[in-house]
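Atoms within each ligand, like the ligands themselves, are counted from 1 in listed order. All values below come from the heavy atoms of this structure, side chains included, with hydrogens, waters and symmetry mates left out.
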Amino acid sequence: MTGIRLTAPAPGWAIDADVVVVGSGVAGLTTALRCAAAGLDTVVVTKARLDDGSTRWAQGGIAAALGEGDTPEQHLDDTLVAGAGLCDEAAVRTLVTEGPDAVRRLISTGAHFDTTDSGDIALTREGGHHRRRIAHAGGDATGAEISRALVGAVREAALHTIENALVLDLLTDAEGRTAGVSLHVMGEGQHDGVGAVRAPSVVLATGGMGQVFSATTNPPVSTGDGVALALRAGAEVSDLEFVQFHPTVLFLGADSEGQQPLVSEAVRGEGAHLVDGDGVRFMLGQHELAELAPRDIVAKAITRRMLDRGAEHMYLDARHFGAAMWEQRFPTILAACRSHGIDPVTEPIPVAPAAHYASGGVRTDLRGRTTVPGLYACGEVACTGVHGANRLASNSLLEGLVFAERIAADIAEARPSRTEPANGPGAWDAPVPLPAPETRAAIQRAMTRGAGVLRSADSLAAAAEELEALHRDAAADAEGASGAKAVVPGVDAWEVANLLLVSRVLVAAARDREETRGCHWREDRPDRDDAHGRRHLVVRIAPDRTPVVHRTETAAFPPVRPSD
Ligand code: SIN
């Protein structure tokens, strides 16, 4: 246990539960529904509204071996290839074998997927898949449909939900076991300000951390809160260096910041071509799957072409789809492009890579257990070993579903008793000094320049230096040494503290991985180094919050053991 906490007021209210689920995407809501169905008193805490997380933005779909002739084994093969030698095979096997039934149960929960004329689930292709395997809904609105169905089920089951609530820290008992979370609720009903949900099982399903970069497909809520909380609680995180950059994000200008519109890989799955400014299809001859090569390969090829041509973007050409297909199959993307003055029916779409998905996260075993007893992680916040160095397209919704069910089963079986938090009200020592909210842009600039799609020892060293300076400034401000006033605790400051912590850990891992593998692209180390690199980098933070990196022996995860 590290005993590290964010600077925050002591909780002024508390409620009790058997399980608290933090996050309301596919992972969080599936866990909550299954826990409640098992008779566990379940509370869902979410940062904005129930449907405001990343799930709602997922376009392409959910991958599973559902089609005729497809098998979990083929899905496994494609996942392992995309993962560039770093997937944990046991985790992938779990995903692909349990996936099809998990999707069927999602359908029973009320999600409607697109179907063919004969009534079968319609399947499309995306990068890295050798066959049509991606189920989709509303054309390109899969996440929105899944979110609608799960939120509906949660409301119907009358689960206790707390919206507009930023989770702060893990509460632990005298033995270091999970005892709940502290959180800040923005002002409604019975819960207001900083409070606590006391529960012996906490499931982090807080999504990703795309907001560490200036431009990302992630919504504003994706500030790495779950990974930061887990690090402060002493948990191990892994594979954080593997940030997936989606190859085709609508280009809105080199300085465009915040959430950017995604142009799904499914557009390429249905036959769109990547071309440069001269109309040349540059993916031909680069990979047997051309535009449908795994995502890291396409993102690198686009970036290389941009660098060679001195261009700010490339183009995705799908004019040959025609208006009817665009309207029926990709209505969301069509509307987003048109709202920015681009008509994909008559012109190629300008695209460039942007930060999209954290392949790493809080390290778990196959039951979603982290190294802190009673703390689980599920979905993008977790690192189950499924994604390795590069997530296969549309495996993430599936991972959320499959591992949510496993976590709920584990909690229902263990049924731990509630214990008293030892770091609860009155024991808020060693608080983390809060950076000024304005620091957010400086973090994002440092990460974008130094740890973006193309990295080097020098760029990462520069990013590390800038981040460490921000870290030192926050401490100096807190002590009044810099002459600045200490930052007042609040949502902006807590989020920035989380962004800074996860950025520092990500950069530490990226510096340590001296090779190019999956979505970690080092221009100074262009080759994959299987002799040293087929290992996971596992990071914890020391009591002074310095990242401590160690390597696993093999690409398989060692068993999760409680932290000491
Ligand atoms: C997409 O639709 O291209 C995104 C799918 C994913 O990130 O898995």
Trainee: Taking the side chain as everything from C-beta on, heavy atoms only, tell me whether I121 gets closer than 4.5 Å to D114.
Mentor: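 Answer no - side chains too far apart.
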Trainee: Name the option, out of R391, R295, R268, H246, that contains the heavy atom nearest to atom 5 (C) of ligand 1.
Mentor: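 The nearest heavy atom belongs to R295.
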Trainee: Anything under 30° is parallel, anything over 60° is perpendicular, the rest tilted; go ahead and classify H387 against Y357.
Mentor: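 Rings of H387 and Y357: perpendicular, as their planes differ by over 60°.
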Trainee: Below 4.0 Å from ligand 1: does a non-hydrogen atom of H356 turn up there or not?
Mentor: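 H356: in contact with ligand 1 (<4.0 Å).
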Trainee: Below 4.0 Å from any atom of ligand 1, is there a heavy atom belonging to S394?
Mentor: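 The answer is yes, since S394 has a heavy atom less than 4.0 Å from ligand 1.
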Trainee: For ligand 1, which part of H136 has a heavy atom less than 4.0 Å away: the side chain, the backbone, both, or neither?
Mentor: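 Neither part.
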Trainee: Quick one: are the ring centres of H536 and F557 less than 6.0 Å apart?
Mentor: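 Yes, the ring centres sit under 6.0 Å apart.
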Trainee: Do D78 and R131 meet the salt-bridge criterion of a basic N to acidic O distance under 4.0 Å?
Mentor: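 So R131 does not pair with D78 through a salt bridge.
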Trainee: Of the protein's non-hydrogen atoms, which lies at the shortest distance from atom 1 (C) of ligand 1, and what is that distance?
Mentor: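 Nearest protein contact, heavy atoms only, for atom 1 (C) of ligand 1 is S264 OG, 3.4 Å.
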Trainee: Identify, by atom number and element, the atoms of ligand 1 in contact range of A393, meaning under 4.0 Å from any of its heavy atoms.
Mentor: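 Counting atoms of ligand 1 from 1, those under 4.0 Å from A393 are 8 (O).
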Trainee: Give a yes or no on whether the ring-centroid distance for Y376 and F403 is below 6.0 angstrom.
Mentor: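 Centroid distance Y376-F403: not below 6.0 Å, so no.
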Trainee: Which of the atoms in ligand 1, numbered in the order shown and given with their element, are less than 4.0 Å from a heavy-atom of E265?
Mentor: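 Listed by number with element, the hits are 1 (C), 2 (O), 3 (O).
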Trainee: Counting each atom of ligand 1 from 1 as listed, which ones have a heavy atom of E126 under 4.0 Å away?
Mentor: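 Atoms satisfying the 4.0 Å criterion: 2 (O), 5 (C).
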Trainee: Should the ring pair W326 and F321 be called parallel, tilted or perpendicular, given that the plane angle runs from 0 to 90° and is split at 30 and 60?
Mentor: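 Geometry flag for F321 against W326: tilted rings.
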